[in-house]
Number of protein chains: 2
Amino acid sequence: MSTVEMHPQRWGDPAAATDLPDSARGLVELAFGSAEPIPATPDMTLPSSGLAPDLLAGFRAAVGDDHVLTDDATRRLRTRGKSTPDLLRARAGDLSDAPDAVVRPGSHDEVVAVLAHANAHRIAVVPFGGGTCVTGGLAGPGPGRDGFAGVVSLDLVRMARLLAVDPVSMTATLEPGLRGPDAEALLAEHGMTLGHFPQSFEHASIGGFAATRSSGQSSAGYGRFDAMVVGLTAATPTGELRLGSSPANAAGPDLRQLLLGSEGAFGVITSVTVRVRRAPAVTRYDGWRWPSFGAGREAMRALAQSELLPTVIRLSDETETAINLADPEKIGAESAGCLMVVGHEGTTEQVTTRHAAVAAVLAGLGGEDLGEEPGRAWAEGRFRAPYLRDSLLDVGVLVETLETATFWSDVDHVYDEVKQALSSHLAGALVLCHVSHVYETGASLYFTVAAPAGDDPLARWAAAKVAASEAMTAAGATITHHHAVGTDHRPWLEREIGSVGVRALRAVKAELDPVGILNPGVLVP
Amino acid sequence: MSTVEMHPQRWGDPAAATDLPDSARGLVELAFGSAEPIPATPDMTLPSSGLAPDLLAGFRAAVGDDHVLTDDATRRLRTRGKSTPDLLRARAGDLSDAPDAVVRPGSHDEVVAVLAHANAHRIAVVPFGGGTCVTGGLAGPGPGRDGFAGVVSLDLVRMARLLAVDPVSMTATLEPGLRGPDAEALLAEHGMTLGHFPQSFEHASIGGFAATRSSGQSSAGYGRFDAMVVGLTAATPTGELRLGSSPANAAGPDLRQLLLGSEGAFGVITSVTVRVRRAPAVTRYDGWRWPSFGAGREAMRALAQSELLPTVIRLSDETETAINLADPEKIGAESAGCLMVVGHEGTTEQVTTRHAAVAAVLAGLGGEDLGEEPGRAWAEGRFRAPYLRDSLLDVGVLVETLETATFWSDVDHVYDEVKQALSSHLAGALVLCHVSHVYETGASLYFTVAAPAGDDPLARWAAAKVAASEAMTAAGATITHHHAVGTDHRPWLEREIGSVGVRALRAVKAELDPVGILNPGVLVP
């Protein structure tokens, strides 16, 4: 199993990180002039572990001595997630809210035992999978500890097994600590794939996908993660939950959908049973050019509403298209139009048939077929963007992303409002956008912002984030399409689900976790 | 708008009821000999309305004098639903648990006012749409009133508007009292369809579809009702809920899925925004014959797992196929094999393409193409079965249905176990089964049972129902795929969702409806 530990101040596998390519460096200078690099201090001192010895002993009894870790290196890597603010704080040497210990259960029963001990002694528990969260979902109660006797990071890395495969029902039961590539490798031995490829795929975990309602780059074909889950088990401080009698039913509210998206605040997901597909024999990704973002979006809508979606479909707006061409001369040039990537996966026959049908629709709507090269380029670089962010931070460019979703008739308005909010709060910013998740009734909008970091990038970003969030919720769109609520989106959740919705969440939380040890401060307002 | 009032002792439009056809009568005699007819007493005396005048006045203030009804005829038709036990008790003249009054709000705000009054005075409220429930979901607290000051049927018949249509997003906002045909007629004016056609379609309501997670005969193509809902509003005794920021999102648990299936126990659904489709230009239904139920099911699985599902797909087992052929000579003859109906709806091109693709798979797997006649016959009779049930009760045959769903690898086992449970508890019964809802990972099993009614058909059926429900849950299948929990399935819900699941439901109920006025005794154990 690959369990590469990420650098506490950067994304991903340290061995895979690269310097900024010269072409990008040229772009940066052209766009932002010569920015001041954001240094990373080598001093990453942690507060000492504050958990009393007898409390640590209780965790050791639950999971074994070898799996309760208090060393600095381990705790450092379980401190927060990988949002740009997380990285900025880590670069500045601020690791003040590190957990007191990292506890690594090896089974559902060990998770139950850990929660029992934590519950009895009011110790906060922050479930940890891949550590890729970008919405403050791993924040914990912070340095003040908020009345807790301590904070442990519940690292699920040891729970990384493929527990069962059912080739007749085409389901697989996976443990939560499995990273994306490891899950795919285990399924590939059975000729299967999950088909879930978010940008964080190389590091993110199955449990995280479930707890955050993740959606991957192939969501048009394989569906969102929450649509793949047919069963799950979870451990709560007050009992166990085992759901999944059938693919779908009418036995009351679908409680699976109450645990999915619960971000570790209701319970720890200890396994999921997911619908799997046969591993594709053929994959094909093509590029299409559209004269405008609007024209491309209309084509996406036409496909979605004809039930003719490919496996992957994504469309960059004019700015993102120009930037991605990585040619300084083309920045701001509208002539490049908008690039769409259209991918098909399946049997030879499926790919041939679907490619022909989709291509006919796209050509009929005015798309220009660019062939496979742009698609191949996208597929090769699809997990690289977070590395690029580190390289840009290195040279003084603040880069962050945020996203939303809305109904088709509101997409234009939401796009304009969010873009305007970001531009007006980040002087000189480049705002890029793409659509990468589409439904019959609407689509997501994913924004990338790049701006000179300036003196206080944390404060600059915080103001822009507030403005963008206000714009989304004022327009009736969701505060997040596929990155969860965490702590960062919590102030806007009530705007989205109302006070009755918030009370329902609080009621469930109070019932399952009455002491409030599970991921305090996250999700539930 | 068509709002045909059903006969309190029978299903459907009285004008559409017919006597048992001679062919069926022949079948009945062959199968069961000469049974004793089940009479229907003309005496349908109700208990007098027990709600104090000042309490009635409060409802009149909320909805207007004309919309608080206490006459016997109106109350009689709001007493229970349309399960066979419901009908047997009505035939026997037992209408002892009639509501004290029928209250008809005209808007969301009137529902809010009704609930406020009921909450303040501890009056039970039973939401009522089409009255087609077959699982005891309209039972109310019964004649003893269980500490309530009274029971009102909250009849949503006046809330029957199409509130909004969005042809870009392809959504429509519908009020809960709309009956299936009326909703389709209103949508047809916009060239749209919902595509939701359960057997109860002609009488059931939009609110009921949502509150019970209904699934229609075209679920393979149009999806379950819960998959169509992108937004909803609900009134609870403690506040209003407005959900639906986007087609899908990661803003915490999907609370829409907590209200869907809540059976009026958490709140009254006052509108739903649903994904609609373009009304099909072409419909085509074909018959296919399979040598066995297992062979037909394997073909369904192959289609589902190739993402090649038609709009309608249903498969009768050997017994149901033989009975449906309505030829007494063929009863029990395995030679008829198993009939599958395969329907396609859409544009001419879609239907042509999909029919060809599906037919190629079915022929390749050994199916025998019977052409369009069996498909047409099914489509014409698709809403008639409940009328036939009345005709069979008339001649002394107890008929009832029940259903479940499970994963493909368990379908055989569940089929055998439930069939065995029914047969062994109803001597001389004919047990019919079909599959009519399929998923990539599993399918539903819908059983129809016919047996001589005997002396005490209620008790006979109750014993068989318990045995079948035990068999389902012991096999790990759901207690209901698409008919909700009601009161009838409530004893088995904890087996399916566990004690933690039950506690989560109770916590939400207690938070939103602390006095417990909403549909007491239903859903939540």
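In what follows, chains carry the letters A, B, and so on, assigned in the order in which the sequence lines appear, proteins first and then strands, with residues in each chain numbered from 1.
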S.K.: Can you tell me how far CG of Leu255(B) sits from CG of Leu258(A), rounded to the nearest 0.5 angstrom?
M.R.: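 Going from the CG atom of Leu258(A) to the CG atom of Leu255(B) covers 7.5 Å.
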S.K.: Quick check for you: among Ala507(B), Gly476(B), Ala251(B), Gly267(B), which has the greatest number of heavy-atom pairs under 4.5 Å with chain A?
M.R.: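 Highest number of heavy-atom pairs under 4.5 Å: Ala251(B).
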S.K.: Please rank Gly498(A), Ala405(A), Ala357(A) by heavy-atom pairs under 4.5 Å with chain B and give me the top one.
M.R.: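 With the most close heavy-atom pairs to chain B, the winner is Ala405(A).
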S.K.: Would Val230(B) and Phe407(A) satisfy side-chain contact (heavy atoms from CB on, under 4.5 Å), going step by step from the backbone distance to the final call?
M.R.: CA-CA 10 Å; Val230(B) 295; Phe407(A) 296 99; 3.8 Å; yes
S.K.: Counting only N and O atoms by type, is there a donor-acceptor contact under 3.5 Å from the side chain of Glu496(A) to the main-chain atoms of Gly244(B)?
M.R.: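 Side chain of Glu496(A) to backbone of Gly244(B), a donor-acceptor pair under 3.5 Å: no, none is there.
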S.K.: Can you find a pair of side-chain heavy atoms, one from Arg278(B) and one from Gln305(A), that are under 4.5 Å apart?
M.R.: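 In contact.
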S.K.: Look only at the side chain of Arg277(B) and the backbone of Ser306(A), and say whether a donor-acceptor pair between them is shorter than 3.5 Å.
M.R.: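 Between the backbone of Ser306(A) and the side chain of Arg277(B) there is no qualifying donor-acceptor contact (under 3.5 Å).
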S.K.: Would you sort out whether Arg503(A) and Leu512(B) count as a side-chain contact (heavy atoms from CB on, under 4.5 Å), showing the intermediate values?
M.R.: CA-CA 8 Å; Arg503(A) 283 171 41 220; Leu512(B) 304 188; 4.2 Å; yes
S.K.: I'd like to verify something: which residue of Asp166(A), Thr347(A), Thr353(A) has the highest number of heavy-atom pairs under 4.5 Å with chain B?
M.R.: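 Among the listed options, the one with the most contacts to chain B is Asp166(A).
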S.K.: Partners of Ala235(B) by side-chain contact (heavy atoms from CB on, under 4.5 Å), sequence neighbours excluded?
M.R.: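 Ala235(B) satisfies side-chain contact (heavy atoms from CB on, under 4.5 Å) with His108(B), Val111(B), Val112(B), Leu115(B), Thr270(B) once adjacent residues are dropped.
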S.K.: Mind checking the OG-CG spacing from Ser262(A) to Asp254(B)? Nearest 0.5 Å is all I need.
M.R.: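 Here the interatomic distance stands at 12.5 Å.
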S.K.: So, does Arg213(A) use its side chain to make a donor-acceptor pair with the main chain of Gly252(B) at under 3.5 Å?
M.R.: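 Side chain of Arg213(A) to backbone of Gly252(B), a donor-acceptor pair under 3.5 Å: yes, one is there.
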S.K.: Could you check if a side-chain atom of Arg354(A) sits within less than 4.5 angstrom of a side-chain atom of Glu307(B), using non-hydrogen atoms only?
M.R.: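 Yes, side chains in contact.
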S.K.: Hey, are the side chains of Leu505(B) and Pro253(A) touching, using non-hydrogen atoms and a 4.5 Å cut-off?
M.R.: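 Yes. Closest side-chain heavy atoms under 4.5 Å.
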S.K.: Of all heavy-atom pairs between Ala443(A) and Pro247(B), which one has the smallest distance, and what is that distance?
M.R.: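 For Ala443(A) and Pro247(B), the tightest heavy-atom pair comes out as N-CG, 4.4 Å.
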S.K.: Tell me, out of Thr473(B), Asp410(B), Thr406(B), Val524(B), who's got the most heavy-atom pairs with chain A below 4.5 Å.
M.R.: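 Heavy-atom pair counts peak at Thr406(B).
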S.K.: Run the side-chain contact (heavy atoms from CB on, under 4.5 Å) check on Asn249(B) and Thr480(A) step by step: do they pass?
M.R.: CA-CA 6 Å; Asn249(B) 61 63; Thr480(A) 176; 5.8 Å; no
S.K.: Taking side chain as C-beta onward, heavy atoms only, is Arg301(A) less than 4.5 Å from Val168(B)?
M.R.: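 They are in contact (side-chain heavy atoms under 4.5 Å apart), so the answer is yes.
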S.K.: Under a 3.5 Å cutoff, is there a donor and acceptor pairing between the side chains of Thr441(A) and Ser169(B)?
M.R.: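 There is no such pair between these side chains.
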S.K.: Which one of Glu403(B), Glu240(B), His483(B) has the most heavy-atom pairs closer than 4.5 Å to chain A?
M.R.: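 Ranked by heavy-atom pairs under 4.5 Å with chain A, first place is Glu240(B).
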S.K.: Could you tell me which of Ile497(B), Thr404(B), Thr171(B) has the largest number of non-hydrogen atom pairs under 4.5 Å with chain A?
M.R.: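 The option with the most such pairs is Ile497(B).
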S.K.: Using a cut-off of under 4.5 Å for heavy-atom pairs, which of Ala248(A), Gly239(A), Gly501(A) has the most such pairs with chain B?
M.R.: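 The option with the most such pairs is Ala248(A).
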S.K.: Which pairs, with at least one residue in residues 240-260 of chain B and sequence neighbours excluded, count as a ring pair (Phe, Tyr, Trp, His ring centres under 6.0 Å)?
M.R.: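 Every candidate ring pair (Phe, Tyr, Trp, His ring centres under 6.0 Å) pair involving residues 240-260 of chain B fails, so no pair, neighbours aside, qualifies.
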S.K.: Name the option with the most non-hydrogen atom pairs under 4.5 Å to chain B; the candidates are Arg224(A), Glu263(A), Arg242(A), Met170(A).
M.R.: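 Most heavy-atom pairs under 4.5 Å with chain B: Arg224(A).
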S.K.: When only pairs under 4.5 Å are counted, which of Ser499(A), Gly442(A), Ser409(A) shares the most heavy-atom pairs with chain B?
M.R.: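 Most pairs with chain B among the choices: Ser409(A).
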S.K.: Tell me, out of Val485(A), Thr478(A), Leu493(A), who's got the most heavy-atom pairs with chain B below 4.5 Å.
M.R.: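 Of Val485(A), Thr478(A), Leu493(A), Thr478(A) has the most heavy-atom pairs under 4.5 Å with chain B.
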S.K.: Enter the distance from Leu445(B):CG to Ser246(A):OG here, rounded to the nearest 0.5 Å.
M.R.: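 Rounded to the nearest 0.5 Å, the CG-OG separation comes to 11.0 Å.
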S.K.: Looking at CG of Leu260(B) and CD of Gln257(A), how far apart are the two atoms once the value is rounded to the nearest 0.5 Å?
M.R.: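 CD of Gln257(A) is found 10.5 Å from CG of Leu260(B).
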S.K.: Highest number of heavy-atom pairs under 4.5 Å with chain A: which of Gly261(B), Ser245(B), Ala510(B), Ala234(B)?
M.R.: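 When all of Gly261(B), Ser245(B), Ala510(B), Ala234(B) are compared, Ser245(B) has the most.
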